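Encoded as structure tokens, the structure appears first; notes follow it.
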Amino acid sequence: MNERNVIYQKSVPGRTGYTLPDTKQREDDILAAIPQKYRRESDAALPEVTEGEAMRHFISLSVKNHHIDKGFYPLGSCTMKYNPKLNDKAASFTDFKEHHPMAPCSSAPGALRLMWDLERYLGEISGFAGVTLQPVAGAHGEFAGLLMMRAYHEHKGEKRTEIIIPDSAHGTNPASVTSVGYTTIQVKSNDKGVIPPEAVAEVMSDDVAGMMMTNPNTLGIFETHIKEIAAIVHEGGGLMYMDGANLNANMGIFRPGDVGFDMMHFNLHKTLSTPHGGGGPGGGAVGVKEELIKFLPFPVLDKDDDGKLFLNYDRPHSIGRLHSFYGHFANMVRAYAYIRNLGGAGLKRASEDAVLNANYLKELVREDYDLPYDITCMHEFVVSGNRQKANGVKTLDISKRLLDFGVHSPTNYFPLIVSEAMMIEPTETESRETLDYFASVMKQIAREAAETPEVVTSAPVNTPVKRLDEVGAARNLDVQYQD
Ligand SMILES: *Cc1c(COP(=O)(O)O)cnc(C)c1O
């Protein structure tokens, strides 16, 4: 029975879940203002239920989906850590929540101060001199960074057209490169899963505007040659962009700004525990070196002669505006609350625990799954389902079977350089018991794949819906209720 029927079957004429003051006169006035042809001919067929019934309906819907507040979510590269509710509480303070975005700066000193401090905290974590909070996703931050890269070269009177990207890069990297009108040169990782400097030297030229790197990379491996690579790119006149999506392994330990990167984006919705949301709203702040500050998107948060904060639009070299107002303010509040709550030592501990949890889990699953890069990992690691594939069980099947045990799938089929990839990121917020449970489920699925593969290939069986036509759902999106 579908959900629409459930709530409609509970409907009893005249039953309500609310009381309102008598608004009859007002309703009549409004009606009088609406021309007849636009009026509804009969009442909308809405279910008539009590508040309690409506609440149960929505709560029951909410637990049908898997989410981080419901179960383990080891989705590598996405850093699905638990989002502390304290952050939400801070974001819902009336003075933050109800401040109008069009209000003058003079009425928002607290909000501006929070943004100012957050910019400085992010600068301190990453080693960059200037930060913009405006971009609203990692990909948006990449776009902003590459626009600044282009502005930097144009300012010097140079026209460069290419960006170097590792073969393990996230898909947003080449997409952002194309969006700003550059082309991509791909370099290959070596058998240790890192980019060798020689590969960069080979393709570096006067046409190269810069290089994008992710560290740790999407294999969960620390790029050991960053300094040599940065020297090669800088020598050739290019800039170094760090994709900071994996910052969760780095806080308090490795600062990209200290080792040769010129700019990077943060994913507030990954590392700094703000919600991912269904495709947004996120937070893709960007940090830059001193000499790139003049290119930051406007408005830039600034102090006037009296030391008062204001949004400065007078920025002749700026790449311009990237979003309405100043990005997603409520996420800035959440990230700020998270940083203030943990403090420097707490952030460092979070990264250390994330790395420890990943290595612990790697050791637990290595017996049953192939480990293409068998070295100490950072906050995530990649296994291959090749052994299971030989028995007709694909990585997709393993992921579907995990749902039967109340666990979300790891990232599948990425990075592209590992066949049947499963990219596992437990994060620091999971207990040892949860990691042990996940490992025991992975072991059971490996056994099923060997002995009773049809159990895995026909999964899931315990979920509200079985296998869905995911491509169909994406291509022919239809969010209407159906009877
Ligand atoms: C998530 C991610 C991105 C893109 O970030 P969004 O916020 O999803 O746009 C880029 N690179 C890597 C490595 C990522 O994991």
Side-chain angles (χ1 to χ4, degrees), residues 68 73-81 83 122 126 132-147 163-180 184 186 189 193-195 211-223 226 240-250 254 256 261 263-287 322-323 327-328 331-332 334-335 354 358 377-382 408-418 421-427:
I68 188 72
Y73 212 130
L75 194 72
S77 209
C78 279
T79 306
M80 287 296 216
K81 60 169 78 175
N83 302 152
L122 295 179
S126 59
T132 174
L133 302 173
Q134 200 179 124
V136 294
H140 203 196
E142 292 171 23
F143 182 64
L146 290 168
L147 285 179
I163 301 283
I164 304 172
I165 294 185
D167 56 358
S168 58
H170 192 265
T172 51
N173 291 187
S176 302
V177 167
T178 307
S179 301
V180 302
T184 302
Q186 201 181 73
S189 325
V194 299
I195 296 297
M211 174 163 184
M212 298 177 90
M213 280 181 98
T214 308
N215 189 51
N217 62 32
T218 61
L219 295 163
I221 298 173
F222 195 93
E223 290 283 355
I226 292 169
M240 289 289 289
Y241 182 97
M242 170 143 145
D243 176 332
N246 290 341
L247 189 72
N248 210 42
N250 296 336
F254 160 80
F261 284 105
M263 51 173 84
M264 75 169 269
H265 76 255
F266 306 78
N267 300 67
L268 301 189
H269 48 287
K270 296 180 181 176
T271 318
L272 297 163
S273 91
T274 74
H276 285 238
V286 174
L322 287 177
H323 199 261
H328 289 148
N331 272 359
M332 297 171 204
R334 290 184 177 92
C377 67
M378 298 298 288
H379 66 308
E380 64 188 357
F381 61 100
V382 178
H408 194 275
S409 154
T411 296
N412 281 186
Y413 302 111
F414 181 76
L416 304 174
I417 52 178
V418 173
M422 277 175 277
M423 187 189 207
I424 302 173
E425 180 182 1
T427 80

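Counting begins at 1 with the first residue of the sequence. These numbers were taken from a predicted model, which means no experiment stands behind them. Order of listing sets the numbers, starting from 1, for every ligand and every atom in it.
Here the closest non-hydrogen pair linking S168 and I417 is CB-CD1, 3.9 Å.
The side-chain contact (heavy atoms from CB on, under 4.5 Å) check on T184 picks up I165, P174, V177, with sequence neighbours excluded. Y73 is linked by a ring pair (Phe, Tyr, Trp, His ring centres under 6.0 Å) to H66, H408, counting only residues two or more places apart in sequence or in another chain. Every residue was checked against the ring pair (Phe, Tyr, Trp, His ring centres under 6.0 Å) condition with H140, not counting sequence neighbours, and none meets it.
Between the side chains of E425 and T79, at least one donor-acceptor pair of N or O atoms lies under 3.5 Å. Checking E223 against N215 by side-chain atom types alone, no donor-acceptor pair falls below 3.5 Å.
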Ligand 1: protein N/O within less than 3.5 Å of ligand N/O:
{"from": "ligand 1", "atom 1": "5 (O)", "to": "N267", "atom 2": "ND2", "distance (Å)": "3.0"}
{"from": "ligand 1", "atom 1": "7 (O)", "to": "G138", "atom 2": "N", "distance (Å)": "2.7"}
{"from": "ligand 1", "atom 1": "7 (O)", "to": "N267", "atom 2": "ND2", "distance (Å)": "3.1"}
{"from": "ligand 1", "atom 1": "7 (O)", "to": "H269", "atom 2": "NE2", "distance (Å)": "2.6"}
{"from": "ligand 1", "atom 1": "9 (O)", "to": "G138", "atom 2": "N", "distance (Å)": "3.2"}
{"from": "ligand 1", "atom 1": "9 (O)", "to": "A139", "atom 2": "N", "distance (Å)": "2.8"}
{"from": "ligand 1", "atom 1": "11 (N)", "to": "D243", "atom 2": "OD1", "distance (Å)": "3.3"}
{"from": "ligand 1", "atom 1": "11 (N)", "to": "D243", "atom 2": "OD2", "distance (Å)": "2.5"}
{"from": "ligand 1", "atom 1": "15 (O)", "to": "S77", "atom 2": "O", "distance (Å)": "2.8"}
{"from": "ligand 1", "atom 1": "15 (O)", "to": "S77", "atom 2": "OG", "distance (Å)": "2.5"}
{"from": "ligand 1", "atom 1": "15 (O)", "to": "K270", "atom 2": "NZ", "distance (Å)": "2.9"}

